[in-house]
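Read through the structure below, which is laid out as structure tokens, and then see the notes.
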Amino acid sequence: MEPGTTAADLLGGDRSVLVARVNGELKDLDYVVHAGDDVAPVLADEPEGLAVLRHSCAHVMAQAVQDLFPQAKLGIGPPVKDGFYYDFMVSQPFVPEDLTRIEKKMLEILKSGQSFHRRIVTEDEAHRELAGEPFKIELIGKKGGNSDEIMETGGADLTVYDNVDRKGAVCWSDLCRGPHVPNTKYIPPNAVKLMRTAAVYWLSDERNPQLQRIYGTAWPSKEGLKAYLTFLEEAARRDHRKLGAELDLFSFPDEIGSGLAVFHPKGGIIRNVMEDYSRQRHIAAGYDFVNTPHVTKAALYEKSGHLDWYADGMYPPMDMDNAQYYLKPMNCPMHNLIYGARGRSYRELPLRLFEFGTVYRYEKSGVVQGLTRARGFTQDDAHIYCTREQMPGELDNLLTFVLDLLKDYGLTDFYLELSTRDPEKSIGTDEEWEQATEILYEAAKAQDLDLVLDEGGAAFYGPKVSVQAKDAIGRTWQMSTIQVDFQMPQRFDLEYQAADGTRERPIMIHRALFGSIERFFAVLLEHYAGAFPAWLAPVTVVGIPVADHHVDYLQDVVTQLKSAGVRAEVDAGSDRMPKKIRNAQKQKVPYMLIAGDDDIAAGAVSFRYRDGTQKNGVPVAEAIAEIVEAVEQRRQV
RNA sequence: GCCCCGUUAGCUCAGUGGUAGAGCACUCGCCUUGUAAGCGAGCGGUCGUCCGUUCAAUCCGGACACGGGGCUCCA
């Protein structure tokens, strides 16, 4: 190898090669390689390459901003999921017109073919160069750290990237760890877009000053950007808050309060069907059903330990009869009281207590979001009390049960996440935690699904496995959680008598499949984009008469459907037929049954399916059989 | 909780320092209908709430409520 050979020399000048991986580390393409180095290309369409592309884009944006707003002070500008951002201290928040100007300036820079040059500087030099950038100066003081917030500092070496124009003049510089693309020509200008602004605290600490953040997105190609924008439109179209209003499913009346939903009749039907099916499956799986109150004296949550850890997340107490009462934020302590209401035998275990338990949590005002983050919601909550020996088998069955049930609701693509102890926020011994974590890990591994580790993400009382499900457009939602708990049985002094007559402590498993019914409702609503399968749709069939005198005939068909358990109705209103079809279509009704003179003469009805396809002259008995089967099979239409 | 933005009829949205409009929905007529909007008329708003500025506030200022986008958080 010639001395001075660069990574670019080895990898070629293809613009899809953004940086090099040299002995496992990402390096700029002008990195001088040594004999024996392992050098591989990093392409724009792999995750690391994309991050480099976006990070370079963040620099270009910052250059454009300081060009247009010379007083703007720089914060940090890393790549993130789907794009990048850069934070700025400016006297006025950016307005949409500013974004347009900045975007235009960025395009000029991208097209001008500036190159990125890496330069190692001493701390003194950095201080001198960045004298006008107070936030950057602050970062220099933090060099050597590894957290994302201070990735800009360059780690061990302090490095600066210069943006250099074609004449060799430095146009802009930034303290940065890199690496970057060699030249702005590597970033396709038609694949970059600024998305929005937001105010954020410097280093995410609310004691710090606030900066203005600009989010942008960047992709390897125009098509990539277009696909992303289409995805965003699709997600907006499916937004459960929008669909909830359009389909008249639920609302959040101001008079009740933020984060507190009311379900309208059609939403109520869907919810009932969801709950009924869940109830049926839980009965079959050996659960016992219980009910507990919505308020309780403080003593209960003092005993459980929740008040110590989560008082901030609870509605404030009500003073009454010389005691403080709280709205319940979780059901477990109440289930423990049911367990402890009398002596328990090993013969009763595992004891599985199930409840659709409504809980109230004081979510901070800024985090409430439709049904996915509400202040009052109903958990499909169960607590399983079992022996240590029963636990592995119980967890195994539970995971299978959960996944099976989720599939019945139409979610099919899953992975699992194992959340482990956060030593700062937990109770119990190391040994207990290790043991519980190990058992959960084994059960999760047995499922033949991808397993992701979430270090320190567990609740204070024990580790958890959660099921992450992908919806119809590929978004991931945390669905079910299963948590092992050695602590609560101890705090509540729960016991059972073993076969040998000794008193033993049961182990408790917390689990919720939907998490919250409201949230699961929202996920399904978005997953199906409002077009619920026949068994969940609030109205499965609408009968549409061609003219008024066909109403009675359809009414008869609908009566038969109803007696077969199908939710069906006739649109007997004064609208004309095409209008009725339009209405049913807007309501995303799975089946429209149309009848006119021809159908009546043949003893038939005509189908119009939700996708617009038709099937004419179907004998009434056949039509009913087709619909009943689809509903019973929980099939999607 | 913090920052930015928003709130006009049931819904979607125009508009103005001198107390308001459209389309859809709804009601009532007419029309009697074959696969996404038949025609006409009518009903409907203390312009989110309160407090200020002003001769006068839906419009300007402030507080609060609710919503949206983020930050932080999510037992």
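Note that the coordinates shown come from a computational prediction; the quantities given were computed from them, not determined experimentally. Below, read A as the first sequence line, B as the second, and so on, with proteins coming before strands; counting in each chain starts at 1.
The environment of A/K470 atom NZ is sparse: at most 12 non-hydrogen atoms of other residues, nucleotides or ligands sit within 6.0 angstrom.
A/A459 comes within 4.0 angstrom of the backbone, heavy atoms only, and of no base. Here A/F252 lies out of heavy-atom contact (under 4.0 Å) with every strand. If you check every strand for non-hydrogen atoms under 4.0 Å, A/T197 touches nothing. Across all strands, A/S365 comes closer than 4.0 Å to base atoms (heavy-atom distances). Backbone-only contact: A/G259 has heavy atoms under 4.0 Å from sugar-phosphate atoms and none from a base. A/V367 comes within contact range of at least one nucleobase, with a heavy-atom separation under 4.0 Å. At the heavy-atom level, A/P329 lies under 4.0 Å from base atoms of the strands shown. Among the protein residues, A/Y301 comes within range of no part of the nucleic acid, since none of its heavy atoms lies under 4.0 Å from any strand. Within the nucleic acid shown, A/D254 comes within 4.0 Å of sugar-phosphate atoms alone, with no base atom in reach, counting heavy atoms only.
Across A/H335, A/H383, A/K464, a single residue satisfies side-chain hydrogen bond (donor to acceptor under 3.5 Å, both in side chains) together with A/H510, and that is A/H383.
Residues A/R237 and A/E233 are not paired through a salt bridge, judged by the lack of any N-O separation under 4.0 Å between the basic side chain and the carboxylate. The pair A/E234-A/R475 fails the salt-bridge criterion, with no side-chain N (NZ, NE, NH1 or NH2) lying under 4.0 Å from an Asp/Glu carboxylate O.
When the P atom of B/A75 is taken as reference, atom CH2 of A/W309 falls 13 Å away, rounded to whole Å. Counting to the nearest Å, the P atom of B/G40 and the CZ atom of A/R576 are 12 Å from each other. Taking atom CD1 on A/I600 and atom P on B/U33, their separation rounds to 14 Å, with Å as the unit. Computed from coordinates, the A/K364 NZ to B/A65 C1' distance equals 20 Å when rounded to whole Å. Across the protein-nucleic acid pair, A/M508 atom CE and B/A75 atom C1' stand 13 Å apart, rounded to whole Å. Remark: P of B/C74 and CG of A/D422 are 10 Å apart, rounded to the nearest angstrom. In this structure, A/Q483 places its CD atom 8 Å from P of B/A75, rounding to the nearest Å. As rounded to whole Å, 15 Å separates atom P of B/G10 from atom CG of A/D248.
Under the 30°/60° scheme for interplanar angles, the aromatic rings of A/H240 and A/F250 are found to be tilted. The aromatic rings of A/Y609 and A/F607 sit parallel, their planes meeting at an angle under 30°, below the 60° perpendicular limit.
With both ends at atom P, the span from B/A63 to B/G38 equals 49 Å, rounded to whole Å. Taking the P atoms as reference points, B/C50 lies 16 Å from B/A9, given to the whole Å. Using atom P as the reference point in both B/G44 and B/G10, the two lie 12 Å apart (nearest Å). Here, B/C60 and B/U8 have their P atoms 15 Å apart, quoted to the whole Å.
Among residues two or more places apart in sequence or in another chain, the side-chain contact (heavy atoms from CB on, under 4.5 Å) test is passed with A/T358 by A/H294, A/Y360, A/T378.
Judged by distance alone with a 3.5 Å cut-off, no donor-acceptor contact links the side chain of A/R213 to the base of B/C71. Side chain A/R373 to base B/C73: a donor-acceptor pair is found below 3.5 Å.
For A/F521 and A/F263, the ring centers sit closer than 6.0 Å to each other.
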Using residues 569-581 of chain A as the side-chain source, report each donor-acceptor pair under 3.5 Å to any protein atom, sequence neighbours left out, with the distance given to one decimal.
from, atom 1, to, atom 2, distance (Å)
A/D571, OD1, A/G573, N, 3.1
A/K580, NZ, A/D571, O, 2.8
A/K580, NZ, A/G573, O, 2.9

When you compare the protein's N or O atoms with those of nucleotides 24-26 of chain B, which come within less than 3.5 Å of each other, and at what distance?
from, atom 1, to, atom 2, distance (Å)
B/A25, OP1, A/K579, NZ, 2.6

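Within the 4.0 Å cut-off from OP1 or OP2 of B/A36, at least one side-chain nitrogen or oxygen of A/R608 is found.
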